[in-house]
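What follows is a single structure, written as structure tokens, with notes after it.
Atoms within each ligand, like the ligands themselves, are counted from 1 in listed order.
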Amino acid sequence: MKLFRFNGGRIGLTAGTSSYDITDALGVDTAMWPPVQMVQLIADFDAKIQGITKHPQTRSVDFSTLRLDVPIEWPNKLLAYPVNYIKHGEEMKSTNRADRNGFFMKANSSLSGPNDPIVLPDVPGREIHHECELGIVIGKKGRNISRADALGHVFGYACLIDMVVRGNEERVMRKSYDSFCPFGPYIVTADEVPDPSGLQARLWVNDVLKQDANTRDLIVDIPEMIETASRVATLFPGDIIATGTPEGVGPVVRGDRIRIAIENVGEMTLDVR
Ligand code: MN
């Protein structure tokens with residue numbers, strides 16, 4: 001199943017080839033603030049989704065006509081792992097490695113959707129880089145989650161671009177500009193991604209392939225990311241983990257178009273402004 005937000009915060013799902021607007025059936029208020037509607041749905045997913053496609057207030061929609069919004073707008077946390085591919089560490093000449101450094105955080109407000117532009121800040125002389133990453137969405141609350149239990153806490157996956165201004169300021173600041181975390185285009189539920197440790201992830205800038213790697217080469221794999229993070233902080237439904245980028249990062253400038261595609265997960269194209 002694919003779960004998405006569209007047309008100003010409505011909630012939809014795709015099952016097989018059929019797509020539905022389930023906003024009214026769920027009783028969702030699209031104007032609610034803070035906008036935690038999707039987090040609430042994920043937190044009680046099995047009960048809320050039961051029979052939803054047959055609900056009298058569910059409507060069929062033509063997915064191709066929808067304007068998709070960021071699928072999760074207001075998570076409790078947006079975690080990310082640094083230098084989680086050997087070759088990316090080498091290209092950055094970095095001594096950091098995810099297995100030694102653990103995770104960092106990006107501002108939740110850096111999240112943006114598949115139709116939102118990436119807006120570059122005015123930082124003369126500085127490079128702003130794309131990082132192609134798989135995004136994990138947590139489905140079940142947990143603390144001290146064991147490696148063996150970790151995948152049972154995953155709700156689904158989405159494409160994620162971890163944008164960053166290169167430089168020496170705190171990483172959380174350089175990665176937290178508004179629109180620096182395009183996420184989407186929808187969440188693919190975990191049952192549709194049977195092996196998240198074997199996904200090819202690619203990123204193009206202006207149709208030139210820049211990044212092309214497989215999640216099997218992650219230094220810290222998905223279960224270990226969840227184990228490590230949950231040893232520090234309770235993970236909540238809707239929390240997002242950015243898994244780290246492979247080699248091939250590089251600068252983007254205004255007018256570029258970035259396309260990200262992850263096998264079994266989806267793809268989206270973003271304008272850089
Ligand atoms: Mn990253």
Side-chain angles (χ1 to χ4, degrees), residues 70 72 75 77-112 114 118 120-121 123 126-138 157-184 196-197 199-205 209-222 224-226 228-229 232-233 239-252 256 258-262 265 267-268 270 272:
V70 66
I72 300 175
K77 282 186 289 304
L78 173 51
L79 309 178
Y81 280 84
V83 195
N84 206 5
Y85 287 84
I86 300 268
K87 287 181 186 169
H88 174 57
E90 291 170 356
E91 75 178 346
M92 297 302 292
K93 298 180 174 55
S94 174
T95 57
N96 294 334
R97 292 293 183 275
D99 54 350
R100 295 195 295 268
N101 296 83
F103 66 85
F104 64 92
M105 304 190 72
K106 286 168 76 87
N108 295 346
S109 48
S110 66
L111 285 163
S112 61
I118 298 168
L120 303 186
V123 283
R126 300 287 290 278
E127 289 194 354
I128 300 175
H129 282 197
H130 57 78
E131 296 189 348
C132 168
E133 308 199 9
L134 174 69
I136 304 168
V137 177
I138 296 297
Y157 302 92
C159 301
L160 184 152
I161 303 177
D162 177 17
M163 297 297 299
V164 56
V165 177
R166 296 295 178 204
N168 292 322
E169 297 91 348
E170 293 287 352
R171 179 159 42 200
V172 64
M173 175 171 150
R174 293 184 287 104
K175 287 176 175 268
S176 283
Y177 289 91
D178 283 4
S179 80
F180 265 31
C181 196
F183 179 72
S197 65
L199 301 177
Q200 200 71 22
R202 297 188 178 88
L203 183 145
W204 297 256
V205 178
L209 183 62
K210 298 288 188 179
Q211 298 188 267
D212 185 5
N214 195 287
T215 55
R216 79 172 72 91
D217 293 322
L218 285 165
I219 298 169
V220 174
D221 67 8
I222 292 169
E224 191 179 340
M225 284 186 235
I226 291 170
T228 299
V232 176
D239 281 0
I240 297 167
I241 300 176
T243 51
T245 196
E247 68 277 15
V249 300
V252 295
D256 283 347
I258 302 177
R259 179 156 79 98
I260 180 173
I262 301 179
V265 173
E267 67 172 88
M268 55 184 184
L270 294 306
V272 180

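When all heavy atoms of Lys77 and Ala233 are compared, the pair lying nearest together is CE-CB, 4.1 Å.
Applying the side-chain contact (heavy atoms from CB on, under 4.5 Å) test to Pro121 and every residue at least two apart in sequence or in another chain returns Val123, Ile128, Val165, Tyr177, Phe180. Evaluation of the side-chain hydrogen bond (donor to acceptor under 3.5 Å, both in side chains) rule for Asp221 yields Arg147 as partners, not counting sequence neighbours. Taking the salt bridge (Lys or Arg N to Asp or Glu O under 4.0 Å) definition, one finds that Glu131 meets it with Arg166, Lys175, sequence neighbours left out.
Here the side chains of His129 and Thr245 are not in contact, with every heavy-atom distance at 4.5 Å or above.
Only protein N, O or S atoms were considered, and those under 2.8 Å from the Mn ion (ligand 1) are Glu131 OE1, Glu133 OE2, Asp162 OD2.
Of the options Leu270, Asp162, Ile260, Leu203, a side-chain contact (heavy atoms from CB on, under 4.5 Å) to His130 is made by Leu203 and by none of the others.
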